Amino acid sequence: MTEYGYHDRVYAIVRQIPKGRVSTYGAIADYLALGSARMVGWALHQSILPDAIPAHRVVNRLGELSGRNAFPSPTFMQEMLENEGVEIQQDKVVHFETLFWHPKNIEHPM
DNA sequence: TGTTTGACCACGG
DNA sequence: GCCGTGGCCAAAC
């Protein structure tokens, strides 16, 4: 049965995040109506190992790379984002509000 | 089986 | 702008 745990839904959403854009735990949790952003963070922590999930595009509501410590190296997340053209400064996404992408805008970037 | 913790968020003081 | 509290659900102990 299509009995997806919410982490599967989180993966599905995160995979939709366009390159060069970022989203937040709260936005994903809100979109999935799971109730809490905490679950998203927990799910993502588990999701780093599986197939190519751009977990680096998920930051907290302040645009901070709160999950960088869960990556192979504390700077890995930042380097990935910078590689996509996202500016990072002091572990925060520059122009966060502009780059912010809400799952609501799936296939409707911008 | 109950408690604690977690890549969080919003609100109140 | 920092601290405490509630919420939300699952995993780890």
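It should be emphasised that the depicted structure is a prediction, and the values quoted were computed from it without experimental measurement. Side chains included, hydrogens not; waters and symmetry mates left out as well; all remaining heavy atoms used.
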Can you find a heavy atom in the side chain of Thr24(A) that is under 4.5 Å from one in the side chain of Leu62(A)? no
Within the 4.5 Å heavy-atom criterion, are Glu64(A) and Asp91(A) side-chain neighbours or not? no
For atom CD of Glu82(A), decide whether the heavy atoms of other residues, nucleotides or ligands shown that lie under 6.0 angstrom number more than 12. yes
Given dC9(B), dA11(C), dA7(B), identify the nucleotide with an atom nearest to the side chain of Phe71(A). dA7(B)
Output yes when at least one side-chain N/O atom of Arg61(A) is less than 4.0 Å from OP1 or OP2 of dA10(B), else no. yes
Closest to side chain of Leu44(A), choosing from dC9(C), dA7(B), dC8(C): dA7(B)
Does a side-chain heavy-atom distance below 4.5 Å link Tyr11(A) with Gln46(A)? yes
Can you check the Asn69(A) CG to dA7(B) P distance for me, whole Å? 8 Å
Value in whole Å for how far the C1' atom of dC9(C) lies from NE2 of His45(A): 17 Å
Whole-Å gap separating C1' (dG1(C)) and CD (Glu64(A)): 13 Å
Please state whether the phosphate of dC9(B), meaning OP1 or OP2, lies under 4.0 angstrom from any side-chain nitrogen or oxygen of Ser36(A). no
For the pair made of CG in Asp30(A) and P in dG7(C), what is the distance, rounded to whole Å? 18 Å
Sticking with atom P, work out how far dT1(B) lies from dC8(C), rounded to a whole angstrom. 23 Å
What is the distance, rounded to the nearest whole Å, between atom OH of Tyr25(A) and atom P of dA10(B)? 14 Å
d(CE, Met39(A); C1', dT5(B)) in whole Å: 10 Å
Give me the atom names and distance for the closest heavy-atom approach of Ser23(A) to Ile17(A). CB-CD1, 3.7 Å
Between CH2 of Trp42(A) and C1' of dT4(B) the distance, given in whole Å, is 16 Å
Rounded interatomic separation in angstrom, taking CD1 from Ile28(A) and P from dA7(B): 15 Å
What's the closest nucleotide to the side chain of Asn60(A) if the choices are dC9(C), dA11(C), dC8(B)? dC8(B)
